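Just so you know, residue 1 is the first one in the sequence shown, and it goes up from there. Predicted, not measured: the structure shown is a model, and the values here were computed from it.
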Amino acid sequence: MVNTTLTQPERTEGPVARKIETQTSKIPSDVFLWSAAAALGTSFALQLMNKRERSMFVGQWVPTLLLLGVYNKIVKVAGHDRNDSDRI
């Protein structure tokens with residue numbers, strides 16, 4: 001019988017990614033959520049003031065802020081790369 005189990009190669013984070021994760025994990029997750037809500041509200045207010053281009057510009061920050069919040073949460077839940085724990 002043939003063994004079909006594949007072993008995954010060892011993967012480690014680079015020094016830049018580790019430094020970014022170290023800094024991002026310090027930021028509370030609520031910051032990103034409240035920032036996205038503030039951008040949404042500001043965009044809506046700018047729409048009401050007929051400043052459409054500025055409204056669209058600020059409105060485009062919302063998905064970026066939410067995505068940064070998701071990244072922040074993943075870093076906090078998953079932690080740093082487990083293989084690099086002895087080198088951090």
Side-chain angles (χ1 to χ4, degrees):
M1 185 166 207
V2 177
N3 185 1
T4 59
T5 306
L6 298 175
T7 59
Q8 293 197 2
E10 210 174 291
R11 295 186 178 117
T12 60
E13 293 291 347
V16 174
R18 273 185 272 155
K19 287 182 182 182
I20 290 171
E21 287 180 3
T22 301
Q23 295 304 315
T24 19
S25 65
K26 295 177 185 176
I27 302 171
S29 299
D30 287 353
V31 168
F32 295 103
L33 184 60
W34 287 110
S35 298
L40 187 64
T42 302
S43 177
F44 181 67
L46 288 168
Q47 277 283 341
L48 294 176
M49 294 187 293
N50 283 333
K51 297 183 179 183
R52 305 235 184 261
E53 288 183 18
R54 289 183 185 181
S55 169
M56 295 297 285
F57 176 70
V58 174
Q60 290 177 358
W61 298 352
V62 176
T64 303
L65 291 166
L66 292 174
L67 186 59
L68 287 170
V70 169
Y71 175 76
N72 181 296
K73 185 60 83 172
I74 290 171
V75 167
K76 286 181 179 180
V77 171
H80 297 290
D81 188 15
R82 306 251 185 253
N83 297 329
D84 286 345
S85 61
D86 56 340
R87 290 186 237 162
I88 295 177

Using the side-chain hydrogen bond (donor to acceptor under 3.5 Å, both in side chains) criterion, which residues pair with [X]? Sequence neighbours excluded.
X: Gln60; answer: none
X: Asp30; answer: none
X: Ser35; answer: none

Side-chain donor-acceptor distances from residues 39-46 under 3.5 Å, at least two apart:
unit_1	atom_1	unit_2	atom_2	d
Thr42	OG1	Ala38	O	2.8
Ser43	OG	Ser55	O	2.8
Ser43	OG	Ser55	OG	3.1

Same cluster for Val58 and Leu65 if Ile/Leu/Val/Met/Phe/Trp/Tyr side chains link at under 4.5 Å? yes
Give the C-alpha distance, both sets of side-chain angles, the deciding distance and a yes or no for side chain to side chain contact (heavy atoms under 4.5 Å, CB included) between Leu66 and Leu33. CA-CA 6 Å; Leu66 292 174; Leu33 184 60; 4.3 Å; yes
With sequence neighbours left out, the residues meeting side-chain contact (heavy atoms from CB on, under 4.5 Å) with Ile27 are Val31, Phe32, Asn72
With sequence neighbours left out, which residue pairs that include part of residues 46-75 fulfil the ring-ring contact (aromatic ring centres under 6.0 Å, His included) condition? Phe57-Trp61
Which value, rounded to the nearest 0.5 Å, describes the distance between Arg54 atom CZ and Met49 atom CE? 8.5 Å
Distance (rounded to the nearest 0.5 Å) between Lys76 NZ and Ser25 OG: 7.0 Å
